[in-house]
There are 2 protein chains.
Amino acid sequence: MITFIFVTKRLLFDMRRDVFQAIADPVRRDIIGLLSNEPLTVNMVAENFEISRPAISKHLKILKECDIIDIDKQGREIYCIIKPEKLVPVFFWIEQYRKLWEEKIDSFEHYLNELQSKNK
Amino acid sequence: MITFIFVTKRLLFDMRRDVFQAIADPVRRDIIGLLSNEPLTVNMVAENFEISRPAISKHLKILKECDIIDIDKQGREIYCIIKPEKLVPVFFWIEQYRKLWEEKIDSFEHYLNELQSKNK
DNA sequence: TATTTGTGTAACCGAATGATTACATTTATA
DNA sequence: TATAAATGTAATCATTCGGTTACACAAATA
């Protein structure tokens with residue numbers, strides 16, 4: 001019985017649940033955008049999209065599992081509150097490549113400048 | 001016949017292919033990390049992972065489709081070259097929430113300082 | 001108390017993901 | 001030229017994703 005529960009849990013929770021997964025979907029990025037202004041109930045979030053409310057519920061569930069949002073139950077309404085600090089790992093991951101792309105963009109601009117001065 | 005080709009193309013290319021999708025997978029993030037040091041051949045990339053070479057080939061294909069890497073064919077070897085500037089949209093997306101998380105972290109630090117001074 | 005409202009979730013579906021093995025193709029080399 | 005090496009890809013598989021509709025349930029309200 002214990003084994004059964006364990007296996008079930010493993011199957012149910014073996015999916016990747018990290019912030020990179022959370023922001024991979026455009027709908028979830030939009031939800032994050034909405035919640036960054038103010039906490040919203042599930043229905044208020046859903047109003048901003050064409051897809052069904054249960055679909056939004058599922059996206060919110062994934063955001064919860066990735067710990068990007070907290071919930072605050074007020075009676076029968078559930079407010080979703082963003083935890084912006086959970087995005088920081090993405091910032092650090094991307095930041096480590098900043099030097100790389102700045103070099104590349106700089107060298108491209110340098111190339112353009114060279115080209116322009118030659119054509120004068 | 002034309003219809004058939006069209007439908008096939010649509011089915012084959014309807015998947016999300018953007019930089020957020022590219023970095024959603026941990027293996028692909030590691031590949032980006034490797035390639036940020038130097039261009040590597042497919043086999044050289046694959047040596048760094050436990051999974052099969054075809055699996056790596058597929059990840060590289062996705063990175064190509066997301067335009068994160070370029071390829072440089074040298075005889076029978078294919079070098080993968082990173083295009084770090086393609087990560088910039090992620091940087092801008094995440095950067096817009098910086099103020100939000102800094103405020104939150106600041107207020108938490110303020111709270112800790114208050115707590116500490118009261119316990120003196 | 002009966003009903004409406006806000007929300008979650010189960011069942012289902014088609015497509016994508018991420019892996020495998022087996023095979024094809026091109027290029028270098030013995 | 002025969003073989004080895006580097007790579008891509010087809011076929012297959014189990015799982016996840018992202019959506020739907022239908023239903024359940026608790027809380028507010030008429």
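Proteins get letters first, then strands, A, B, ... in listed order; numbering begins at 1 in each. Just so it is clear, the values below take in all heavy atoms, side chains as well, and ignore hydrogens, waters and symmetry mates.
Proximity note for B/Ile62 (side chain, C-beta onward) versus C/dT7, C/dG18, D/dG18: the nearest is C/dG18. Closest approach to the B/Pro54 side chain among C/dA16, C/dT21, C/dT7 is made by C/dT21 (side chain taken as heavy atoms from C-beta onward). Nearest nucleotide to the B/Ser57 side chain, out of C/dA16, D/dA6, D/dT9: D/dT9. Listed candidates were C/dT27, C/dA16, C/dA19. Nearest to the side chain of B/Ala55 is C/dA19. For B/Lys73, the listed nucleotide lying nearest its side chain is C/dT27; candidates were C/dT27, C/dT9, D/dC17. Here the nucleotide nearest the side chain of A/Val27, chosen from C/dA19, D/dG19, C/dT7, is D/dG19. Checking D/dG19, C/dT21, C/dG18 against the side-chain heavy atoms of B/Ser52 singles out C/dT21 as nearest.
The two atoms that bring B/Cys80 and B/Leu35 nearest to each other are O-CD2, 3.5 Å, heavy atoms only. A pairwise comparison of heavy atoms in B/Met44 and B/Leu40 identifies CE-CD2, 3.3 Å as the closest pair. Of all the heavy atoms in A/Ile71 and A/Lys64, the pair that sits closest is CG2-CD, 3.5 Å.
With hydrogens and angles ignored, no donor-acceptor pair closer than 3.5 Å exists between the side chain of A/Arg76 and the base of C/dT7. With hydrogens and angles ignored, no donor-acceptor pair under 3.5 angstrom links the side chain of A/Lys61 to the base of C/dG8.
Nucleotide C/dT7 holds its P atom 16 Å from the CG atom of A/Leu63, rounded to whole Å. Straight-line distance from the NZ atom of A/Lys58 to the P atom of D/dG19: 9 Å, rounded to whole Å. Atom CG of B/Asn43 and atom C1' of C/dT27 are 14 Å apart (whole Å). Atoms CZ (B/Phe20) and P (D/dG18) sit 15 Å apart, rounded to a whole Å. Rounded to a whole Å, the CZ atom of A/Phe49 is 10 Å from the P atom of D/dG19. Atoms CZ (A/Arg16) and P (D/dT15) sit 15 Å apart, rounded to a whole Å. At whole-Å resolution of the value, CD1 in A/Ile78 and P in C/dT9 are 9 Å apart. In this structure, CD1 of B/Ile56 is placed 16 Å from P of C/dT17, rounded to the nearest angstrom.
Taking side-chain N and O atoms only, A/His59 has a distance below 4.0 Å to OP1 or OP2 of D/dG19.
Nucleic acid contact for A/Lys64: sugar-phosphate only, since backbone atoms but no base atoms lie under 4.0 Å from a heavy atom of the residue. Counting non-hydrogen atoms under 4.0 angstrom, A/Gln74 reaches nothing in the nucleic acid.
The pair B/Arg16-A/Asp25 counts as a salt bridge, with a side-chain nitrogen and a carboxylate oxygen less than 4.0 angstrom apart. Ionic pairing of B/Arg98 and B/Glu95 is present here: one or more N-O contacts between side-chain nitrogen and carboxylate oxygen are shorter than 4.0 angstrom.
For B/Lys104, the NZ atom is densely surrounded, since the number of other residues' heavy atoms within 6.0 Å is greater than 12.
The residue among A/Arg53 and A/Gln21 whose nearest nucleotide of DNA chain D is located toward the 5' end is A/Gln21.
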